[in-house]
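To keep things clear, I will list the structure first and then write my remarks on it.
Residue numbers count from 1 along this sequence. In this text the structure is predicted, and so the values were computed from the model without any measurement.
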Amino acid sequence: MPRSAAPGLLIAFAVLIAGLLLAFTVGRYPVSLAALLDVLWSRALGRPPSAPAAVEHVVLLVRGPRVMAALLVGSALAVAGTAFQGLFRNPLVSPDILGASSGAALGAVLGIYFSLGVIGIESLAFVGGLVAVAAVYVIGSLLQARDPILVLVLTGVVVGALLGAGIGLVKYLADPYNQLPAMTFWLLGSLAATTASDLVPLAGPVALGTVVLVALRWRLNVMSLPEDEARTLGVATGPLRITIVVAATLVTSASVATSGIIGWVGLVVPHLARALVGPDFPRLVPTAALLGGGYLLFIDTLARTAAPIEIPLGILTAVIGTPFFIWLLAGMQRTWS
């Protein structure tokens, strides 16, 4: 690995560690760093901690699942955004460009509308994201064009708008006293209700998709070239593009199914990672994963501590991400190369 990448990776790792410590120690029930380390170290050794039982309960059962979910969702969205931006050669692309987030959102609101349980809602959200991307890819493949990437992106925008209309229809038909508030709250994005059982359907798809994208990080360098140049280098661009799209959609759908729609993570974090380690994907993908996890940990901690009531994550990421991305646009010529 080039020596120039080491400082950027260290910064990203430091951001992640700081986010973890802050998320575990700050909240309505403050936990000291010494008590946190005592609980974690005692649990690792299999002996009872010297800290009070309330501290152990807060660390392991209340904040533990939420912290792990924020870490997984943030890393997944950042890695997916990095892959999509390189694949489509567009710095403004985000993980929901192919309708994954909109499809997952439509599946979730349908699950709420039909009064399904948590597993049913997450399953429909997951399936909705995959079906949306499959529809976009099939439509884009049927349309003959000189620039298939541009057609795919435009098709994703159109299908996403149609799915958004479907979400609006379901909300209009929903019970305004019970179902509609649940739909609205879920669509704003939150990890407040995350439990340990929610981590299993999240961790599996996220781990699988992330491993595939990390394994293909060398190929992403080639896929970021124009189509003709990539084929000249002997890369089967069609199958490789499908694999990258499916893997990125897998982690996006799993994240949306668990946390709702959390925007801007997959759009802003890849630019931050690129500013730290450059555009080389073998360095960029792991850096984006570390930064994404740390970034969402900071946002989630702010969401549950900044006001008497919890602020939805989607609102905070938009408020923080919008001015930050404007600043990034000013320096894009220096980082997007």
Side-chain angles (χ1 to χ4, degrees), residues 16 19-20 23 62-81 94-96 99-112 116-130 132 167 181-210 248-269 288-289 291-305 309-321:
L16 178 62
L20 284 170
V62 177
R63 292 180 188 164
R66 181 166 182 164
V67 168
M68 291 305 301
L71 173 62
L72 289 171
V73 171
S75 298
L77 293 177
V79 169
S94 59
D96 57 351
S101 295
S102 299
L106 179 58
V109 296
L110 283 173
I112 297 173
L116 301 181
V118 175
I119 299 300
I121 293 173
E122 291 188 354
S123 300
L124 276 180
F126 182 71
V127 172
L130 293 180
I167 293 172
M183 293 177 185
T184 303
F185 182 75
W186 186 90
L187 289 171
L188 289 174
S190 176
L191 295 171
T194 303
T195 62
S197 60
D198 296 325
L199 296 178
V200 177
L202 171 64
V206 166
L208 177 61
T210 301
T249 302
L250 184 66
V251 299
T252 302
S253 299
S255 301
V256 173
T258 301
S259 63
I261 297 180
I262 302 176
W264 294 94
V265 178
L267 183 62
V268 172
V269 172
L291 280 179
Y295 175 74
L296 195 57
L297 283 169
F298 278 107
I299 295 294
D300 186 55
T301 303
L302 182 63
R304 59 184 174 81
T305 58
I309 60 173
E310 184 163 322
I311 304 173
L313 291 177
I315 294 176
L316 272 182
T317 54
V319 170
I320 296 174

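Remark: Thr252 OG1 to Ile261 CD1 distance equals 11.5 Å, nearest 0.5 Å. Distance check: Arg63 CZ to Thr194 OG1 gives 14.5 Å after rounding to the nearest 0.5 Å. To the nearest 0.5 Å, the span separating CG on Leu191 from OG1 on Thr258 amounts to 8.5 Å. For the atom pair CD1 of Ile320 and CZ of Phe298, the computed distance is 11.0 Å after rounding to the nearest 0.5 Å. Expressed to the nearest 0.5 Å, how far CG of Leu316 lies from CD1 of Ile299 amounts to 6.0 Å. Atom OG1 in Thr301 sits 9.0 Å away from atom CG in Leu296 (nearest 0.5 Å).
Of all the heavy atoms in Ala70 and Leu297, the pair that sits closest is CB-CD2, 3.8 Å. Val67 and Ala23 make their closest contact through CG2-CB, 3.7 Å (heavy atoms, listed as atom of the first residue, atom of the second, distance). Residues Leu250 and Pro205 share a closest heavy-atom pair of CD2-O, 3.6 Å. Of all heavy-atom pairs between Tyr295 and Thr317, the closest is OH-O, 4.3 Å. Heavy-atom minimum distance, Ser255 versus Ala76: OG-CB, 3.5 Å. Taking every heavy atom of both residues into account, Phe185 and Ser190 meet most closely at CZ-OG, 3.7 Å.
Ala248 pairs by the side-chain contact (heavy atoms from CB on, under 4.5 Å) definition with Ala80, Phe84, Leu213, not counting sequence neighbours. With sequence neighbours excluded, the residues that form a side-chain contact (heavy atoms from CB on, under 4.5 Å) with Leu106 are Val109, Leu110, Leu163, Ile167, Val170. Every residue meeting the side-chain contact (heavy atoms from CB on, under 4.5 Å) condition with Leu72, not counting sequence neighbours, appears here in chain and number order: Leu202, Ala203, Val206. Ser94 is linked by a side-chain hydrogen bond (donor to acceptor under 3.5 Å, both in side chains) to Asp96, counting only residues two or more places apart in sequence or in another chain. Evaluation of the salt bridge (charged side-chain N to carboxylate O under 4.0 Å, His left out) rule for Arg66 yields Asp300, Glu310 as partners, not counting sequence neighbours. For Pro312, the side-chain contact (heavy atoms from CB on, under 4.5 Å) criterion is met by Leu188, Ile315, not counting sequence neighbours. With sequence neighbours left out, the side-chain hydrogen bond (donor to acceptor under 3.5 Å, both in side chains) criterion links Thr305 to no other residue.
For Ser253 (side chain) and Ala104 (main-chain N/O), no donor-acceptor pair under 3.5 Å exists by modelled atom type. Panel note: side chain Arg304, backbone Ala192; no donor-acceptor pair is recorded below 3.5 Å.
Exactly one residue among Leu77, Val79, Leu291 makes a side-chain contact (heavy atoms from CB on, under 4.5 Å) with Val269. That residue is Leu291.
Applying the salt bridge (charged side-chain N to carboxylate O under 4.0 Å, His left out) test to pairs two or more places apart or on separate chains, none has a residue in residues 182-201.
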